[in-house]
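Below, chains carry the letters A, B, ... as their sequence lines are ordered, and counting in each starts from 1.
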Amino acid sequence: MANEDELMAARRTKAEALANAGTRAFPNDFRPSEADRAAREALVALAGAEGPEGEAKRAALPEESELSGDEAQHALYGRVMAKRGPFLVIRTPHGNAQALVRKDQLPEDQAAMLKAVDLADHVAVRGPLIKTRTGALAVSARSYQHVGKALLPPPAKWHGLKDVEKRYRERYVDLWANPGVAAVFRARALVVKTLRRFLDARDYLEVETPLLHSVRGGAAAKPFTTHHNALDLSLVLRIAPELYLKRLVVGGFDRVYEIGRNFRNEGISTKHNPEFTMLELYQAYATFEELMDLSEAMLREVDAAVRAAHPELVGERSFTLAEPFARVTMRDAIVAAAALAENGRLLEGTTIDRATLDDEAALAELAATLAPKLPPADRKGLTGAPSHGHRLLTLYEVLAEENLAALYRNADGTKSVPVFITDYPASVSPLSRRKDDDPEWVDRFELFIEGREVANAFSELNDPDDQAERFRAQLDDRAKGDDEAMDFDADYVRALSHGMPPAAGLGLGVDRLVMFLCDQPSIRDVLLFPLLRPEA
RNA sequence: GGGUCAUUAGCUCAAUCGGUAGAGCAGUGGAUUCUUAAUCCAUUGGCUGAAGGUUCGAGUCCUUCAUGACCCA
């Protein structure tokens, strides 16, 4: 008997056996008290405690033969992971612990039910804590209760569930069958909780804004479209909450934030999922420079929380958050990257200096020289750029982005540091405030860790006339073929016309942050249910 | 969108040059009942992802498709 139907049939037979013994296969009569919950966590911790102290504490437990009979009774309940001799290994949310289930210590009817227990079933035992002959902790069962049946067989107990597709599709198995998976998602929850705590402590108000938008804006991205029947209205799932959050700043909330899902109708990769989680925050009377300080402090606090709670997830990092983050303008980053040997072949002796980058004709000439050596997308970005600023941004992405980790290092050069890239062209930043001394540039930064973008922030544009002009430029970009350009949001311009205080805002990719902090190579490993093609 | 690789029992994996599809775990029956991937004896289980093709013969070679992973775009 080995195919899946037969394995299930064997389990159904045991379910019937339980029914014949007066116990339902799927009962709901096991009621652990709050004290039981706490005691279970404590005993699981004791069972798994490492080092001399753990051993000493377990050594203090009585052996089965030393029991007097009036010891405290402990509940151990969870999923059966293994049967070893007279022991059941039981998995709980806190870890594993074992139950000693000896028929001669159990009421006859309960002892009989042991024949019907399968791996992955939910069970509960109650009894005194003992130490086994090998010094391990066990709950010596004085009562045994069937709590829930698993009809499907579990993955191999030693190898777990390895098939990556099955892991993502059947995360409900992955989470308990593979050690370490659940910890990533606990760490993720801690990251979000710590972000909230950090912002709440600074008097930011958490808000919820619409996910259904009738106008697309707030980011350069392709949206998902949908339709509202009653209003006969075309809608898009939001690509960013930005424009609603800034309306709230107009409304008088000086500090707001939202942590929520954005939807972008784009490709799937190890770094992209069509729905992902962003933190966006806005602060009146602040500039992008203060948000750099805030970002550093916030990331350090989150990192500290993850390190403290989940040291096992923090691997040997090639970056550090502990030392000061680098701050460099986009143009300086391009010049620095161009000087690196890695770009020598691409540039073939051509030097790039600030003057070249600032001169529209010189940059266009440089772009034309470089373009043939680049892949098609970058080539198009350089030669078909709708503006000097677009061209400069593409040049930055081509030359500098992947070299950031090599260029910006900590004090002793052993690790990369996060980099704030500042001063973006106005033409690629339709919602940012122009620099006071140079209106072609905006007060903006993007934060990169290991060359990958994790945050984007700027001093907010609060001049409604300028904003209207920028929206019109977006429409021009779209006419030139940019299908990620924003709509003209007339209501947002009206909101600004009512007067928005000077402000700065930040967007932070939560999934990517978790990837970095928990050493996870793919975004799918930090999303409980990443998007997959449906099974046939 | 392109390239590479993968898909064999419920799970984890084998299968030499194209020559009878195997193992461990789990399952079933039994023994044992202080085990640490429990042990011992016996035993069931396969449309080799799908569909075509080449061949005396295909898990293996070819084509197409499906799904996934990685890389590129």
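OP1 or OP2 of B:C11 has not a single side-chain nitrogen or oxygen of A:Lys162 nearer than 4.0 Å. Dashed line: the shortest gap from a side-chain N or O of A:Lys157 to OP1 or OP2 of B:A38 is under 4.0 Å. For B:U35, neither phosphate oxygen OP1 nor OP2 lies less than 4.0 angstrom from any side-chain nitrogen or oxygen of A:Arg84.
Within a 6.0 Å radius of CD in A:Glu66, other residues, nucleotides and ligands contribute more than 12 heavy atoms.
Look at B:C47: its glycosidic torsion is beyond 90° from 0, and that puts it in the anti range.
Using modelled atom types and a 3.5 Å distance limit, the side chains of A:Gln105 and A:Ser140 yield no donor-acceptor pair. A donor-acceptor pair shorter than 3.5 Å can be found between the side chains of A:Asn262 and A:Arg238.
Straight-line distance between the P atoms of B:G68 and B:U20: roughly 35 Å, to the nearest whole Å. Atom name C1', nucleotides B:A58 and B:C47: the rounded distance is 14 Å, in whole Å. Between the C1' atoms of B:U60 and B:G18, the separation comes to 7 Å (whole Å). B:G49 sits 14 Å from B:A14 when the P atoms are compared, rounded to a whole Å.
Taking 4.0 Å as the cut-off between side-chain N and carboxylate O, A:Glu165 and A:Arg169 count as a salt-bridged pair.
Put simply, the residue from A:Arg126, A:His74, A:Glu41 that forms a side chain to side chain contact (heavy atoms under 4.5 Å, CB included) with A:Asp36 is A:Arg126.
A:Trp176 does not carry A:Arg91 over the face of its six-membered ring by the limits of under 6.0 Å from the centre and within 45° of the normal.
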Generate the contact string for nucleotides 68-73 of chain B. Rules: B means base contact, S means sugar-phosphate contact only, - means no protein heavy atom under 4.0 Å. SSSS-S
